[in-house]
**Student:** 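Okay, handing you the structure first.
Every chain is numbered from 1 and lettered A, B, ... according to where its sequence line falls, protein lines coming before strand lines.
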Amino acid sequence: MGVIFESEPELEEPYLVAAWPGIGNVGIIAVDTLREAVEARQFAEIEPWDLFYPHAVSIKGGKLQDLTFPSSRFYFQRVGGKDVIFFIGEEQPPSEERMYQMANLVLDVGLRFGCRRVFTAGAAVALIHHTFRPKVWAVPNTERLIDEIREYSHATLMSDIQGEGKGNITGLNGLLLGAARKRGLPGICLLGEVPIYLSSFPLSYPKASRSVLETLTQSWGIQADLRGLDSFIQEVERNIDELYQKIPSLVKDKIDQLKQVSHISPEEKEPITEEDKEKLMEDIEQFFGRKGKD
Amino acid sequence: MGWSKDVGALGAGVIDFVNASLKTEQIGEVEAKGFFSLSGVAIEEDVIQFPQSNFYCSEERNLIIFKSDPPVLEQYRFLNSTLDAAKYFKAKEIYTIGGIVSLRAHTAPRRISGVVNKEKLKSMLAEYDGLEVNIDYRTPPGERPTLSSFLLWMAKMRNIPTVNLWGEVPFYLGNAFDARAGEHVLDFLNRRLSLNMDLTPLREESEEQSGMIGKLRGQSPEVGKCIEMLERGIMLQPEESERLRREVMKILSQRRPPEWS
């Protein structure tokens, strides 16, 4: 297992931003949109065969043509006077051990080019309504970045949401930053909020990706053309609205209670309780036939 | 090579038959640790199971056999280990055996196809009657390639001539060993590798299976209708397919296992 380099770009203390598929594909949509917007060029790829099970086999005339694997590719571009390495993983490896190996391989590439800061992007399952603009939970891997995060508009620290600033980040979005912390590389995980009742559906949620991108580009001091993402957002919104119209009014009433939820003040009493939350999820799952009792 | 979990139990069934016919000896194994979940054990038919990946040998026929449970972890490393063994034994060619689901009736002739990783193997296979050697295929979205396809690719990387042999198994035979498909595969192996195995027990098994399904067909008009539709090339509705599968599996599960298994 290793990294295949197509070229060795000359980069100056680049940022590294990485994403993999996850809930609502929030992170990967955000990072891939930016990668396309700035026309970043591929320069390296992680060898996939011992990290992943193959995607597809292609046979022609009885002879094996090809076996394709999930890709894990590095791109680079100079963005707003800053060199950036983009990493897009098509899939997360299936075991913890392999995930940790991948995290370190990604960091190896970053450090080889003198990387000074790592970003990952993903989803935060939140008690929000889908008509709301999702906030971004920003989680640094060093205390030194907390003050910087406080300057981001529309981003929030974990302590602003849950008082003690505790929680966990599953998958490589978190693990990469943990491994980066171990190796002395500062970084921030940006998590776009996804409504709790949509989080278990195989549904992209690009509105949260847009929030992540706004935070990311603000922190880098750059502008990016996000018009393609906006039309995707509109398409998904239409689908969600159609789905929403089909929900029984009792369940819809429960979901609409989320319009009163605010994360900003931890002291503020939540308008719905944990019990309400569980009942809400049960009703929704039952409605969509995932947890039917018949 | 064959996997214990397979459509129509084809890989395992064929290998069990070869092992019994040629009286092979077990000569090695791949250690389960690292390739299978060992947080507990499975129980099947009242008995605790443990993952097995064994090599057998017939010196007389110059043949190495590998039968394994499909690894659930580190498949690349696992397959590399088996190819290491193939290299160690200076294997000239590798044949994997597997079943593919067919929507045709069990009364239709079974088709066998071969997929190769080297062009010269294709012309060799073309000399054998009843073997389809020109298939086109691409994994459908949402599905993954089989372990045998993964091995075929890895063997290509290591320059080991390999053939995936696929036998069609009517969908309603489920996990029961499809003796008729097995017979076709073994007939090919007999010819190709000069194994001189007597396939009579397999033919008897195949006839017994067909007889049982035929009897069920006579007793159950619904089963009879479904099979007749398949024979006429008419697709069944999902619920009809499921009912047919259930009924046939029920009757085949009452059958005692063949002596060689």
**Student:** Salt bridge or not between Arg35(A) and Asp32(A)? Use side-chain N to carboxylate O under 4.0 Å.
**Tutor:** yes
**Student:** Examine Phe69(A) together with Trp153(B) and report whether their ring centres are nearer than 6.0 Å.
**Tutor:**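 Between Phe69(A) and Trp153(B), the centre distance is under 6.0 Å.
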**Student:** As an exercise: rank Met154(B), Glu119(B), Glu143(B) by heavy-atom pairs under 4.5 Å with chain A and give me the winner.
**Tutor:** Glu119(B)
**Student:** Answer with side chain, backbone, both or neither: which region of Arg77(B) has an atom nearer than 4.5 Å to a non-hydrogen atom of chain A?
**Tutor:** side chain
**Student:** Counting only non-hydrogen atoms closer than 4.5 Å, does Pro94(A) touch chain B with its backbone (N, CA, C, O), its side chain (CB onward), both, or neither?
**Tutor:** neither
**Student:** Please say which of Phe43(A), Phe113(A), Phe87(A) ends up in a ring pair (Phe, Tyr, Trp, His ring centres under 6.0 Å) with Phe76(A).
**Tutor:** Phe43(A)
**Student:** Taking side chain as everything from C-beta outward and backbone as N, CA, C, O, which of these in Val116(B) sits under 4.5 Å from a heavy atom of chain A? Side chain, backbone, both or neither.
**Tutor:**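 Interface part for Val116(B): both.
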**Student:** Ser58(A) versus chain B, heavy atoms under 4.5 Å apart: side chain, backbone, both or neither?
**Tutor:** both
**Student:** What part of Thr162(B) gets within 4.5 angstrom of chain A, counting heavy atoms only: side chain, backbone, both, or neither?
**Tutor:**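 Neither the backbone nor the side chain of Thr162(B) comes within 4.5 Å of chain A.
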**Student:** Would you call Asp108(A) and Arg112(A) a salt bridge, taking side-chain N to carboxylate O under 4.0 Å as the test?
**Tutor:**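 Judged by the 4.0 Å cut-off on N to carboxylate O distance, Asp108(A) and Arg112(A) do not form a salt bridge.
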**Student:** If you compare all heavy atoms of Lys67(B) against all heavy atoms of Tyr56(B), which two are closest, and at what distance to 0.1 Å?
**Tutor:** CB-CE1, 4.3 Å
**Student:** When heavy-atom pairs shorter than 4.5 Å are enumerated against chain A, which of Leu125(B), Leu147(B), Asn80(B), Leu121(B) gives the highest number?
**Tutor:**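 Option with the greatest count: Leu147(B).
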**Student:** So which part of Lys156(B) gets closer than 4.5 Å to some heavy atom of chain A, the side chain, the backbone, both or neither?
**Tutor:**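 When you check distances to chain A, only side chain atoms of Lys156(B) fall under 4.5 Å.
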**Student:** Charged N to carboxylate O under 4.0 angstrom, Arg110(B) versus Glu168(B)?
**Tutor:** no
